Amino acid sequence: MASRPHRSFYVPQDIEPKWQKVWEQHGVMKAADNSPKPKFYDLVMYPYPSGELHMGHARNYVMGDALARMKRMQGFEVLHPFGWDAFGLPAENAAMQHPGLHPQKWTLDNIAKSKHDLKMMGILYDWDREVTSCMPDYYRWTQWLFLLMLQRGLAYRAMAPVNWCPVDKTVLANEQVINGRCWRHPDVEVEKRDLLLDKWPQKVRVMQTNWIGRSIGAEVDFPVDGHPDETIRIYTTRPDTLFGATFMVLAPEHPLVEKVTTEKHQARVREYVEKARKETEIERMSTERDKTGVATGAFAVNPVNGERIPIWVADYVLMTYGTGAIMAVPAHDERDFEFAGRYDLQIREVIAPPTGPRGVLREAYLGPGLLVNSGQFDGLDSTVAFERICDWLESKGIGKRAVKYRLRDWLISRQRYWGAPIPVVYCPEHGIVPVPTDQLPVLLPSEYKPLSENPEFFRTACPICGREARRETDTMDTFIDSSWYFLRYASPHDDREPFDSELANHWMAVDQYTGGVEHAILHLLYSRFFTKVLHDAGMLEASEPFMRLFNQGMVKRFGQVMAKSAGNGVSIAQLSSEQGADAGRVYEMFIGPPEEDVEWTEAGLHGVVKFLQRVWRLVLEPDSLVTEGGTAGARVDADLLRRRVAQTIGRVTEHYDELRFNTAVAFLMELANAMQDYLQSGGARDAEWDSAVQTLVKLLNPLAPHISEEMWERVGEQGLLADAAWPAFDAAAAAEPKVVLVVQVAGKLRDRLEVDAGLSEADATRAALASEKVRAALDGRGPSKVIYVPDRLINLVP
RNA sequence: GUCGGCGUGGCGGAAUGGCAGACGCGCCAGCCUUAGGAGCUGGUGCCCGAAAGGGCGUGAAGGUUCAAAUCCUUUCGCCGACACCA
């Protein structure tokens with residue numbers, strides 16, 4: 001057809017590599033340390049380099065990139081760095097499966113592949129700041145920080161020997177010792193948490209709170225009858241129920257078990273303890289299981305009333321929490337109640353519920369109430385009694401208030417090759433000697449075999465006396481590596497210290513941290529812990545590392561999370577050669593709410609491809625969209641177009657800022673629709689149109705950087721779009737002169753009226769009453785009440 | 001078991017007290033085309049009705065309110081975390 005307008009087609013393969021090269025040449029995402037602009041630290045969790053990336057990985061990187069690009073255009077100096085959590089088990093597994101393959105080679109190859117994939121997606125980072133945790137210039141400082149913790153008394157080596165042998169049946173073995181060298185978490189930052197973490201997902205805050213497990217109670221010493229030198233120290237959160245303690249329970253590993261057990265009970269207790277020791281942690285922790293235990297034959301004395309109560313051993317009491325011993329109050333504790341029922345132990349009510357019958361309890365009563373059977377404390381409210389009894393215990397010196405945490409010690413050592421060596425030496429003379437910091441890094445030997453089998457590695461000289469000594473042959477948990485990488489980005493090449501305090505103070509805290517919820521507890525808690533320690537050590541001003549945290553949802557396909565192992569990943573190379581990186585980027589943002597898991601479908605991707613093609617035509621070939629004799633869905637004149645453009649600027653900017661990309665894309669589509677209607681309405685290609693085009697292209701840029709950059713060039717704009725200024729929101733230009741006022745009668749929709757914006761209530765009421773439909777609905781009854789929400793709704797209540 | 005989140009068209013979802021279903025997919029009709037997994041135009045929650053119009057509708061039941069997808073109570077279902085922490 002001769003009259004058919006010339007069309008140029010959008011071919012992503014022609015433009016994407018071109019712009020990727022240009023951005024790299026221009027150093028678009030390089031962050032300047034000395035910029036006068038306000039800083040914005042935009043961080044995505046650095047990944048474990050497991051191989052090629054696919055679109056399941058890409059989602060949070062696109063989010064981070066889109067935010068970084070917008071913030072740059074808004075005039076921020078953006079730090080958007082990337083790195084690799086490069087130590088870890090999969091590298092060793094790969095090496096074991098492919099003899100001759102070194103974990104380092106596997107890791108570095110994967111990094112190269114992944115880096116290439118990220119660039120193909122048009123995701124920009126300041127690669128000059130790339131951090132790779134398995135390289136000596138990084139783990140040197142991981143080791144340095146370990147020594148700092150050690151020096152500050154936050155890391156220790158348990159003194160008892162490590163017990164590897166399950167054949168060893170020594171009852172006295174100490175649970176904590178098995179773990180060897182541990183971190184001790186200090187009693188932490190819980191108080192300030194809610195104040196500082198208000199921009200964290202509630203879910204993560206709750207998870208961390210539960211994990212830390214702070215509880216308030218008291219420790220009380222119970223004398224042991226017939227053993228004047230021994231007392232059993234228990235921890236309870238219910239000191240108000242002290243008079244209801246009718247027996248004691250020791251954990252099977254408790255050191256006093258052996259001492260107090262009477263001759264007669266010796267055999268049964270030993271048998272029970274041995275059985276408990278053989279069971280796995282998981283078996284023991286199961287709530288499903290019936291509680292079991294044995295009596296020791298010994299008795300303790302309840303210090304409040306002098307009563308003799310039997311001492312039992314039961315595995316529902318854990319040596320690792322509290323003091324490893326409890327006073328059992330069956331009337332007011334579910335677990336003790338169950339145990340007492342099973343072994344026919346006494347149950348004594350000491351808290352009376354405010355309502356309901358007293359006397360025989362069918363289940364433990366856990367709530368508050370008035371104290372009974374409690375001597376001088378009878379009649380007190382249980383919350384008051386809590387404090388009074390604590391006071392009394394403290395005045396008598398037999399107990400005190402105590403706060404406990406559920407946190408376990410952080411076991412950092414791994415009996416593995418592919419990790420950062422723990423920088424410690426064992427000297428026969430001087431014991432544990434930290435490697436002096438000027439001798440760091442303790443290099444991981446290049447030969448791939450266990451460090452404990454590598455004499456060249458572990459044979460060394462004691463840093464103090466120079467005599468022969470042995471290096472620690474365990475490596476550090478990779479969580480240590482990732483607990484401070486965000487600080488290293490501030491000065492990634494610093495060879496004098498882990499990070500330059502001045503630069504770290506400039507960039508920290510991270511303004512936006514984006515990553516998977518699977519790190520909600522460990523990684524985030526450890527990072528907060530490191531930050532706290534470095535703050536206390538005077539190296540860092542920030543006391544919290546991450547201002548705003550976001551957990552993106554996962555990308556699924558065929559009902560399963562995209563994964564190499566599931567074989568359902570959409571590869572970046574394939575996407576790039578078919579629909580293009582931009583389409584993939586926009587699609588993953590449009591696909592659903594950013595925090596929700598989403599299902600990738602070809603149809604959905606296709607919809608986005610169509611959208612990009614339509615934008616291309618709108619911007620570059622608007623004539624091709626004007627149908628002969630075609631009509632617009634809605635008349636869009638220049639004024640309306642101008643308002644739509646202004647409104648879109650406001651809405652898209654706000655939604656990008658809040659990472660609500662799915663709705664932001666919808667707004668861009670609406671603008672494109674309005675522009676199309678404008679053309680169909682016979683709108684001129686004038687300044688108004690040009691401004692709409694320019695705005696659409698700019699707003700699209702963070703999500704679809706290649707196509708928008710190409711269109712920017714083709715319409716003759718100067719300079720890189722990536723460097724252009726973000727459009728400013730003009731509230732006056734966005735204001736609608738006329739609004740649709742919804743008219744309700746008794747809460748039911750009866751009419752819609754187009755009225756001037758900002759109408760007074762009197763005028764609105766008059767307009768509403770002028771409506772036939774409204775009068776019919778009122779049926780002669782005058783409105784006795786009018787609710788008016790300006791520019792939105794008026795409700796007439798008869 | 002405890003805690004938390006979520007339940008809206010055929011589908012993904014939008015609306016966080018004020019027009020339910022934005023935007024997109026799919027579907028239907030028309031136009032264009034040698035052709036179309038292309039493009040353009042219009043329609044599309046359900047029910048009654050030829051239409052005008054009306055009624056119903058956000059897992060279920062109840063409540064608060066002039067007004068509820070949104071707040072409260074109970075309940076069902078799905079997902080996630082924790083799981084004897086004294």
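Below, chains carry the letters A, B, ... as their sequence lines are ordered, and counting in each starts from 1. Because the structure is predicted, anything quoted here is derived from the model rather than measured.
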Less than 6.0 angstrom from the centroid, inside 45 degrees of the normal: does Arg342(A) satisfy that with respect to the ring of Trp312(A)? no
Would you mind classifying the nucleic acid contact of Gly604(A) as base, sugar-phosphate or nothing, using non-hydrogen atoms under 4.0 angstrom? nothing
How long is the line joining OH of Tyr321(A) and P of C84(B), in whole Å? 12 Å
Length of the line joining Lys610(A):NZ and G24(B):P, which is rounded to integer Å: 9 Å
Taking A38(B) as the reference, what is the distance to C48(B) when you measure between their P atoms (whole Å, please)? 34 Å
Nucleotide paired to C66(B) in any strand shown, Watson-Crick or G-U, under 3.5 Å: G18(B)
Determine, for Arg644(A) against Glu736(A), whether the closest basic-nitrogen to carboxylate-oxygen distance falls under 4.0 angstrom. yes
Specify whether Trp600(A) and Tyr587(A) have parallel, tilted or perpendicular ring planes, treating 30° as the upper limit for parallel and 60° as the lower limit for perpendicular. perpendicular
Measure from the side chain of Tyr316(A), starting at C-beta and using heavy atoms only, and say which of G18(B), G12(B), C84(B) lies closest. C84(B)
Lys NZ or Arg CZ of Lys291(A) over Phe339(A) ring: under 6.0 Å, within 45°: no
Can you tell me which nucleotide in G18(B), G55(B), G24(B) comes closest to the side chain of Arg750(A)? G55(B)
Closer to the 5' end of RNA chain B via nearest nucleotide, is it Gly747(A) or Thr236(A)? Gly747(A)
Glu670(A), nearest nucleotide to its side chain (from G24(B), C84(B), A22(B)): A22(B)
The answer to which of Arg792(A) and Phe667(A) contacts RNA chain B further toward the 5' end, by nearest nucleotide, is Arg792(A)
Under-4.0 Å side-chain N/O to phosphate OP1/OP2 contact, Arg660(A) with A15(B): yes
Just verifying a value: how many Å separate Ile326(A) CD1 and Asp333(A) CG, rounded to the nearest 0.5 Å? 6.5 Å
Rounded to whole Å, NE2 of His655(A) lies from P of U16(B) at a distance of 9 Å
Every protein N/O within reach of nucleotides 3-10 of chain B N/O, cut-off under 3.5 Å:
residue: G4(B); atom: O3'; partner: Gln202(A); partner atom: NE2; Å: 3.3

Short side-chain N/O contact from Gln208(A) to OP1 or OP2 of A81(B), under 4.0 Å: no
Could you give the distance separating A15(B) and G57(B) at their C1' atoms, to the nearest angstrom? 16 Å
In whole angstrom, what separates Lys773(A)'s NZ from G53(B)'s P? 6 Å
Take atom CG of Leu612(A) and atom P of G39(B), then tell me their distance rounded to the nearest Å. 13 Å
Shortest side-chain distance from Val317(A), nucleotide among U41(B), A86(B), C66(B): A86(B)
Atom P, compared across A60(B) and G9(B): separation rounded to whole Å: 10 Å
Using Watson-Crick or G-U wobble geometry with both distances under 3.5 Å, which nucleotide pairs with A29(B)? U41(B)
With sugar-phosphate meaning primed atoms plus P, OP1 and OP2, does Lys404(A) contact a base, only sugar-phosphate, or nothing at under 4.0 Å between heavy atoms? nothing
Atom CD of Glu772(A) and atom P of A52(B) are separated, to the nearest Å, by 19 Å
Enter the distance from Asp240(A):CG to Ser382(A):OG here, rounded to the nearest 0.5 Å. 5.5 Å
Are any of Lys785(A)'s side-chain N or O atoms less than 4.0 Å away from OP1 or OP2 of A67(B)? no
Show me the pairs that pass salt bridge (charged side-chain N to carboxylate O under 4.0 Å, His left out) and involve residues 648-659 of chain A, at least two apart or across chains. Lys71(A)-Asp657(A), Arg651(A)-Glu670(A), Glu658(A)-Arg660(A)
If anything within 90° of 0 is syn and all else is anti, what is G9(B)? syn
Thr663(A) side chain, from C-beta outward: closest of G24(B), A15(B), G39(B): A15(B)
When rounded to whole Å, the CE to C1' distance for the pair Met319(A) and C84(B) reads 16 Å
To the nearest 0.5 Å, atom CG of Asp315(A) lies from atom OH of Tyr272(A) at 3.5 Å
Spacing of the C1' atoms in C66(B) and G17(B) (rounded, Å): 12 Å
Could you work out the separation of G55(B) and G39(B) based on their P atoms and round it to a whole Å? 40 Å
How is Val789(A) classified with respect to the nucleic acid when contacts are heavy atoms under 4.0 Å: base, sugar-phosphate, or nothing? base
Going by the side-chain contact (heavy atoms from CB on, under 4.5 Å) test, name the single residue among Val586(A), Leu703(A), Asp582(A), Val665(A) that passes it with Val608(A). Val586(A)
Base-pairing mate for A51(B) - Watson-Crick or G-U, with both contacts under 3.5 Å: none
Summary of salt bridge (charged side-chain N to carboxylate O under 4.0 Å, His left out) pairs that have at least one residue in residues 784-798 of chain A, sequence neighbours excluded: none
Looking at U41(B), I'd like to know if its phosphate oxygens (OP1 or OP2) sit under 4.0 Å from a side-chain N or O belonging to Gln680(A). yes
Can you label the angle between the Phe479(A) ring and the Tyr526(A) ring as parallel, tilted or perpendicular, going by 30° and 60°? perpendicular
Between C40(B), A22(B), A14(B), which nucleotide has the shortest distance from any of its atoms to the side chain of Pro593(A)? A14(B)
Of all the choices, U41(B), C23(B), A86(B), which nucleotide is nearest to the side chain of Met669(A) once you look at every atom? C23(B)
Given the P atoms of G36(B) and C27(B), what is the spacing between them in whole Å? 15 Å
C6(B) and G13(B), which share atom name C1', separated by this distance in whole Å: 14 Å
Indicate whether OP1 or OP2 belonging to A86(B) is found under 4.0 Å from a side-chain N or O atom of Ser215(A). yes
Options C66(B), G13(B), G24(B), nucleotide nearest the side-chain atoms of Asn662(A): G13(B)
Closest to the Ile326(A) side chain, choosing from C56(B), A15(B), A86(B): A86(B)
Now, which nucleotide makes the Watson-Crick or G-U wobble pair with C82(B), with each of the two distances under 3.5 Å? G1(B)
Tell me which nucleotide among A81(B), C40(B), A20(B) gets nearest to the side chain of Leu749(A). A20(B)
Between C56(B) and Lys748(A), is there an OP1 or OP2 to side-chain N/O distance shorter than 4.0 Å? yes
Ile794(A) CD1 to Ser771(A) OG distance, which is reported to the nearest 0.5 Å: 11.5 Å
Take atom CD of Glu658(A) and atom P of U16(B), then tell me their distance rounded to the nearest Å. 11 Å
Interatomic distance at P, C23(B) relative to C78(B), whole Å: 34 Å
Given that both distances must come in under 3.5 Å, which nucleotide forms a Watson-Crick or G-U wobble pair with C6(B)? G77(B)
Touch check for Ile787(A), heavy atoms < 4.0 angstrom, all strands: base, sugar-phosphate only, or nothing? base
